[in-house]
Undergrad: 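Input: one structure, supplied below.
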Amino acid sequence: MVRKAIIPAAGYGTRSLPITKAVPKEMFPIGLKPAIHYIVEEAVQSGIEQLLIIISNSKHAILDYFDHSMELETFLKNKNKHHLLQHLELPKIDIFFMKQYYAKGLGDAIRLGKQFVGNEPFGVLLPDDFVISDGTPALQQLIDIYQDTHSSVLGLKKVEEDQLQNYGVIRGDAHTDLIQIEGIVEKPKENPPSDLAVIGRYIFTPQIFQHLEQLMEGVDGELQLTDAIKGLIEYESVYGKIISGDRYDIGKLEEYIELIKIMGEKS
Ligand code: UTP
């Protein structure tokens, strides 16, 4: 059973400045809900029971959004606007919050979840990666593989060669649906090991924390999750699965605009 998941949301969102000075990327609207609402829903639909969201000082909007507003509820009731109360409903899941005081990197953010996770497998959902799946939610697709293999599983996507330098790129046997990961390189400047990039959905065994705790500064001077995965591969099997569905990076303006258009057409 994968019951727990972490959503790291403490990054500065520098690609989306200036709006991210005041509005966290995770709170960008898709229709009338913020992006992170859909990510939490994906976790719920994938059977996750407890979520840890990693935030930073400038992300109080996320805390406020997932809080109950007694004041607003009372206001709506007093004004006889009971029909609007449904819009205040939150995904039914326990959410915990923790602060990352300085954005030292994704590896550092996930490391903070050690106590929360304990000795269980857990999921990670990057809230700026939005997947419109054709049925099975993206995280559930990885959980299905975990249930067969009891191993860590990375969400993958085939990416154009000139874009691979922006991703963690894996080396592995890419001929089957289930790919055994043999190596991984963060943002390869040349000779990418394949055209398969890691996207923001993962299942990890708790052994990943041993490698997260030993991290040193990697690419871009950050504590990179990719480096911890590299360590994990030395000790146990790690698999990859090409996520079925369309993936949008909210940090890229053109993909965000495309996403709100598509979600608008769907609703
Ligand atoms: P990104 O690198 O895509 O997001 O990290 P970013 O750093 O916020 O944005 P840019 O690249 O500067 O535009 C992937 C996810 O990991 C989180 C981010 O919030 C994002 O959801 N993250 C990243 C952390 O929580 N802590 C970090 O130190 C770094």
Side-chain angles (χ1 to χ4, degrees), residues 5-30 34-43 51-63 65-66 95-114 116-117 122-131 138-139 154-157 159 163-169 184 186-188 197-202 204 208-209 212-213 215-229 243 247-257 259:
I6 301 176
I7 300 182
Y12 287 114
T14 56
R15 286 174 297 157
S16 309
L17 283 168
I19 184 74
T20 41
K21 261 177 87 185
V23 180
K25 184 166 59 170
E26 299 79 10
M27 292 300 291
F28 284 5
I30 297 171
I36 195 166
H37 185 117
Y38 294 89
I39 304 297
V40 171
E41 279 179 348
E42 181 187 323
L51 265 179
L52 175 68
I53 303 183
I54 309 288
I55 53 167
S56 63
N57 279 337
S58 56
K59 305 270 178 149
H60 284 273
I62 300 177
L63 261 176
Y65 183 80
F66 287 109
I95 304 183
F96 300 81
F97 293 91
M98 199 168 171
K99 257 190 189 172
Q100 185 189 27
Y101 289 97
Y102 186 75
K104 285 193 267 184
L106 180 56
D108 182 59
I110 308 293
R111 182 188 60 80
L112 294 173
K114 187 176 180 211
F116 165 77
V117 164
F122 65 101
V124 172
L125 304 100
L126 302 194
D128 45 359
D129 266 353
F130 198 103
V131 182
L139 190 71
L154 316 180
L156 303 175
K157 176 184 158 72
V159 166
Q163 290 300 311
L164 285 167
Q165 57 184 320
N166 301 315
Y167 294 87
V169 182
I184 183 166
E186 180 66 18
K187 300 189 176 131
V198 179
I199 61 166
R201 297 292 182 277
Y202 313 77
F204 289 115
I208 190 73
F209 288 108
L212 288 169
E213 282 175 339
L215 280 180
M216 307 221 274
E217 283 183 11
V219 173
D220 297 336
E222 294 189 1
L223 302 181
Q224 296 284 357
L225 177 60
T226 300
D227 291 334
I229 296 171
I243 300 267
R247 176 253 189 189
Y248 298 84
D249 179 352
I250 289 170
K252 285 190 185 145
L253 184 59
E254 61 286 3
E255 290 190 26
Y256 172 60
I257 290 171
L259 175 63

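Both counts, for ligands and for their atoms, begin at 1 and track the order of listing.
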Undergrad: Not counting sequence neighbours, which residues clear side chain to side chain donor-acceptor pair (under 3.5 Å) with Glu213? List them please.
TA: Lys114
Undergrad: Could I get the full list of ring-ring contact (aromatic ring centres under 6.0 Å, His included) partners for Phe122, not counting sequence neighbours?
TA: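 Only Phe204, Phe209 meet the ring-ring contact (aromatic ring centres under 6.0 Å, His included) criterion with Phe122.
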Undergrad: Pick one: which of Ile36, Thr20, Leu126 meets side-chain contact (heavy atoms from CB on, under 4.5 Å) with Glu26?
TA: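 Only one option passes, and that is Ile36.
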Undergrad: Please tabulate, line by line, the atom pairs linking an N/O of ligand 1 to a protein N/O at a distance below 3.5 Å, with the distance in Å to 0.1, or answer 'none'.
TA:
{"from": "ligand 1", "atom 1": "3 (O)", "to": "Arg15", "atom 2": "NH2", "distance (Å)": "3.4"}
{"from": "ligand 1", "atom 1": "3 (O)", "to": "Asp128", "atom 2": "OD2", "distance (Å)": "2.9"}
{"from": "ligand 1", "atom 1": "4 (O)", "to": "Lys25", "atom 2": "NZ", "distance (Å)": "3.2"}
{"from": "ligand 1", "atom 1": "8 (O)", "to": "Tyr12", "atom 2": "N", "distance (Å)": "3.4"}
{"from": "ligand 1", "atom 1": "8 (O)", "to": "Gly13", "atom 2": "N", "distance (Å)": "2.9"}
{"from": "ligand 1", "atom 1": "9 (O)", "to": "Lys25", "atom 2": "NZ", "distance (Å)": "3.1"}
{"from": "ligand 1", "atom 1": "11 (O)", "to": "Arg15", "atom 2": "NE", "distance (Å)": "3.2"}
{"from": "ligand 1", "atom 1": "12 (O)", "to": "Thr14", "atom 2": "N", "distance (Å)": "2.8"}
{"from": "ligand 1", "atom 1": "12 (O)", "to": "Thr14", "atom 2": "OG1", "distance (Å)": "2.5"}
{"from": "ligand 1", "atom 1": "13 (O)", "to": "Thr14", "atom 2": "N", "distance (Å)": "3.1"}
{"from": "ligand 1", "atom 1": "13 (O)", "to": "Arg15", "atom 2": "N", "distance (Å)": "2.7"}
{"from": "ligand 1", "atom 1": "13 (O)", "to": "Arg15", "atom 2": "NE", "distance (Å)": "3.0"}
{"from": "ligand 1", "atom 1": "19 (O)", "to": "Ala10", "atom 2": "N", "distance (Å)": "3.3"}
{"from": "ligand 1", "atom 1": "19 (O)", "to": "Gly11", "atom 2": "N", "distance (Å)": "2.8"}
{"from": "ligand 1", "atom 1": "19 (O)", "to": "Glu26", "atom 2": "OE2", "distance (Å)": "3.3"}
{"from": "ligand 1", "atom 1": "21 (O)", "to": "Pro8", "atom 2": "O", "distance (Å)": "3.0"}
{"from": "ligand 1", "atom 1": "25 (O)", "to": "Ala10", "atom 2": "N", "distance (Å)": "2.8"}
{"from": "ligand 1", "atom 1": "26 (N)", "to": "Gln100", "atom 2": "OE1", "distance (Å)": "2.7"}
{"from": "ligand 1", "atom 1": "28 (O)", "to": "Gln100", "atom 2": "OE1", "distance (Å)": "3.3"}
{"from": "ligand 1", "atom 1": "28 (O)", "to": "Gln100", "atom 2": "NE2", "distance (Å)": "3.3"}
{"from": "ligand 1", "atom 1": "28 (O)", "to": "Lys104", "atom 2": "N", "distance (Å)": "3.4"}
{"from": "ligand 1", "atom 1": "28 (O)", "to": "Gly105", "atom 2": "N", "distance (Å)": "2.7"}
{"from": "ligand 1", "atom 1": "28 (O)", "to": "Gly105", "atom 2": "O", "distance (Å)": "3.2"}

Undergrad: Can you label the angle between the Phe97 ring and the Phe66 ring as parallel, tilted or perpendicular, going by 30° and 60°?
TA: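 Phe97 vs Phe66 ring planes: tilted.
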Undergrad: Other residues, nucleotides and ligands only: do more than 12 of their heavy atoms fall within 6.0 Å of NZ on Lys252?
TA: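 Atom NZ in Lys252 is crowded, with more than 12 foreign heavy atoms closer than 6.0 Å.
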Undergrad: With Tyr256, which residues qualify under side chain to side chain donor-acceptor pair (under 3.5 Å), at least two apart?
TA: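 Tyr256 satisfies side chain to side chain donor-acceptor pair (under 3.5 Å) with no other residue.
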